[in-house]
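Working notes for the structure below.
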Amino acid sequence: MRKLTYYVAATLDGYIAGPDGQFDFFPFGGEGLAALVADFPETMPTPARGPLGIADRAAERFDTVVMGRATYEVGLKDGLTSPCDHLKQYVVSSTLTSPDPAVTVVDDPGALVRRSRSRTAWGSGCAEAASWRARSATRSTN
């Protein structure tokens with residue numbers, strides 16, 4: 001993987017979800033949504049791409065998504081087994097088994113980053129992978 005961009009909504013104190021995993025306090029609509037769709041269209045889940053008018057829009061920044069188990073399970077509980085068909089999809093988990101052949105579950109985000117041939121990947125949720133990346137970056141600069 002040549003480049004991994006950790007791109008998530010976060011509170012000012014660095015949280016990506018509430019204590020019980022809730023994320024409904026993040027605003028999603030209006031100008032913010034328009035900017036997100038314009039600048040990062042591939043971050044929209046496949047089912048939302050049609051209604052947003054970007055179903056056929058090619059990936060511009062990312063060709064892969066690396067998401068955490070909790071992020072993946074948001075859609076999975078509603079039957080969405082492959083949330084981003086337009087990207088290569090990885091879920092970081094040591095407990096989950098993929099219910100969909102389009103989604104690869106990995107338990108070592110470091111190994112994934114080292115062996116992947118992806119051009120650019122988007123890290124979504126995935127606090128464990130983000131913390132691995134932060135530790136890795138710190139080691140490489142010392």
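The shown structure was predicted, so the numbers you read here are calculated from the model rather than taken from an experiment.
By the 4.0 Å N-to-carboxylate-O rule, Glu73 lies too far from Lys77 to be salt-bridged with it.
In this structure, the side chain of Glu42 engages the main chain of Phe62 through a donor-acceptor pair within 3.5 Å.
In Asp39, the CG atom is crowded: over 12 heavy atoms of neighbouring residues, nucleotides or ligands sit closer than 6.0 Å.
Across all their heavy atoms, Ala38 and Pro41 have their closest contact at O-CD, 4.1 Å. In this structure, His86 and Pro45 approach most closely via the heavy-atom pair CE1-C, 4.2 Å. Residues Ala59 and Leu87 share a closest heavy-atom pair of CB-CD2, 4.5 Å. Across all non-hydrogen atoms, the minimal contact from Leu96 to Val105 is O-CG1, 3.4 Å.
Pro99 places a side-chain heavy atom less than 4.5 Å from the side chain of Leu76.
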Quiz prompt | side-chain contact (heavy atoms from CB on, under 4.5 Å) assessment of Tyr90 paired with Met67 | solution = CA-CA 6 Å; Tyr90 293 93; Met67 63 191 105; over 6 Å; no
- Task: Take Ile54 and Val37, measure what side-chain contact (heavy atoms from CB on, under 4.5 Å) needs, and give me the verdict at the end.
- Result: CA-CA 8 Å; Ile54 58 171; Val37 169; 3.8 Å; yes
Asp63 vs Lys88, test: side-chain contact (heavy atoms from CB on, under 4.5 Å). Steps then yes/no. CA-CA 6 Å; Asp63 62 0; Lys88 289 178 250 173; 4.0 Å; yes
task = Just do the side-chain contact (heavy atoms from CB on, under 4.5 Å) check on Leu36 and Met44 with the steps written out, would you?
result = CA-CA 9 Å; Leu36 185 63; Met44 295 293 104; 3.1 Å; yes
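Using modelled atom types, one finds a donor on one side chain and an acceptor on the other under 3.5 Å when comparing Gln89 with Ser82. Side-chain contact, Thr81 with Asp100: a donor N or O sits under 3.5 Å from an acceptor N or O.
From Leu80, atom CG reaches atom OG1 of Thr46 across 7.5 Å, with rounding to the nearest 0.5 Å. Considering OG of Ser94 and CZ of Arg69, their distance stands at 8.5 Å, rounded to 0.5 Å. Note that the CZ atom of Arg49 and the OG1 atom of Thr43 stand 9.0 Å from one another [nearest 0.5 Å].
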